[in-house]
Amino acid sequence: MLLGKRICVGWNRLLLLLPVVILIPHFLSVKELHQQMDSQDIPKEKPKKPDHLIQGPAAGEGLPNRLQCQGTRALNRTQILRFRNNSLPTDHVALVTVFTTYNSTPGSRPNEMVTVGNMSYNKVERSMAILNVFLNFVQVTMPDSHVIILTDPAFNLPLHRDTITIQPIQGEYSRDKLMLQRIRSYIMFLQTRLEKLKQKQEQVTHFIFTDSDIAVIGDLGKIFSDYPNFDLALTFRNNKDQPLNSGFIAVRGTTDGIQRGVAFLQEVLAVYSSKFMRASRMLGDQLALAWVVKSKPNFNIKRFSRGEAFQDMIGGASVLFLPCSLYNWTPPEGAGQFHGMSLDVKVVHFKGSRKRLMLEAWNFLSSSSNLPDMLCLILRSGRTKYDF
Ligand SMILES: *[C@@H]1O[C@H](CO)[C@@H](O)[C@H](O)[C@H]1NC(C)=O
Ligand SMILES: *[C@@H]1O[C@H](CO)[C@@H](O)[C@H](O)[C@H]1NC(C)=O
Ligand SMILES: *[C@@H]1O[C@H](CO)[C@@H](O)[C@H](O)[C@H]1NC(C)=O
């Protein structure tokens, strides 16, 4: 959208002023939020999810290699240098997300308006705002990459931006089937690419399939060169029942990589359809992913508790397992199992009721152009569930 674009242009210009900007603390807007909070009388008998950010302590305080914050001012600056360095050529990478909107979900009123900053959003507008902020983050942190949005052909996505491709894919996009359809859409998308690749109509592009409620804050393309031998990458955490999150799946864009990636996803789809259909609404894909991985003979499940990347052959595919603490960091787990935020974090995932924080974080970044400070804002505000 025009607004988003203007913000980005201004932001790039601000980068040049960065050494000066860094010195100025940026907690003004948060202070304002606190003042707003104080002046509101929230009736006690009706507990509502907060409509403004609630700041708590920054997890990971005193731990080495964890972001240290003073208010929303970051004391570590390592990230910004890496993040700004465009001098190293990266492989061709595209982020791919499945997107559609729903007018109503059980327990929510579609016309209820929610306000972030000076904007108000109804239910559908909220989904669109999340998608736009996702695109904004990619545009400023991986400016050379492309975003592909897979969507229901019946859905007319009201989005007007360059550097994105909207690709309709036939399927069943009802709320209940979306997670199932998402894997199908990934497979169909990859099969189409494979045909084009074989006919040499396309150059090699690596794909990273993600949820759209994430903020990309580091160069994800590097995984394809840092780990040159994997076909497919997944993110894991130390969680017995759901060690794998489906919100981040990378596929190497070579013929072999795509073929093996497709075969792996087809296996996941088959397991999903046969074993986890009762969970189809929410978690079926993650349960199926874990089932496929764990059913490999001699798979050492203990590696999920160590937090270091590792590789293993699953079926015919070489699968790279990346720690969620870097590639799929979520605010509530940052306070718990991740013990704060690594200085090298690359993806923040605003699951569930943290979507307000995603928009607030983007607003903060576009006014301060200070990425580490924004991470402090996220770290301190992520324990609360919000209304957005
Ligand atoms: C991060 O900042 C804190 C506070 O200034 C400092 O003690 C720590 O060494 C820094 N960490 C790294 C890895 O630079
Ligand atoms: C960017 O990377 C190049 C090559 O590694 C290095 O020489 C340069 O100092 C880096 N620049 C910044 C700002 O980090
Ligand atoms: C909303 O706020 C932004 C940033 O403060 C400002 O640039 C914009 O003009 C405002 N929009 C409206 C409609 O007030």
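Treat the numbers as computed from the prediction; the structure is a model and nothing was measured. Whatever order the structure lists ligands and atoms in, that order sets their numbers, starting from 1.
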TODO: Please round to the nearest 0.5 Å and tell me the distance separating atom CD1 of Ile149 and atom OG of Ser185.
DONE: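 That separation rounds to 13.0 Å.
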
Task: Interatomic distance, Leu265 atom CG to Arg184 atom CZ [nearest 0.5 angstrom] - done: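 The CG atom of Leu265 sits 13.0 Å away from the CZ atom of Arg184.
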
Task: Leu67 contact mode with ligand 1 (heavy-atom cut-off under 4.0 Å) - done: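 Neither; nothing of Leu67 gets under 4.0 Å from ligand 1.
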
Task: Selection from Leu63, Leu343, Leu75 by shortest heavy-atom distance to atom 13 (C) of ligand 1 - done: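 When every heavy atom of Leu63, Leu343, Leu75 is considered, Leu343 comes closest to atom 13 (C) of ligand 1.
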
Task: N-O pairing of Asp387 and Arg126 below 4.0 Å - done: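 Looking at Asp387 and Arg126, the cut-off is not met.
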
Open item on the list: Side chain or backbone, does Asn65 bring an N or O within less than 3.5 Å of an N or O on ligand 1?
Closed with: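 Between Asn65 and ligand 1 (N or O atoms, distance only) the closest approach is not under 3.5 Å.
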
Open item on the list: Tell me if the CD atom of Gln191 is crowded by more than 12 foreign heavy atoms within 6.0 Å.
Closed with: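 More than 12 within 6.0 Å, yes.
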
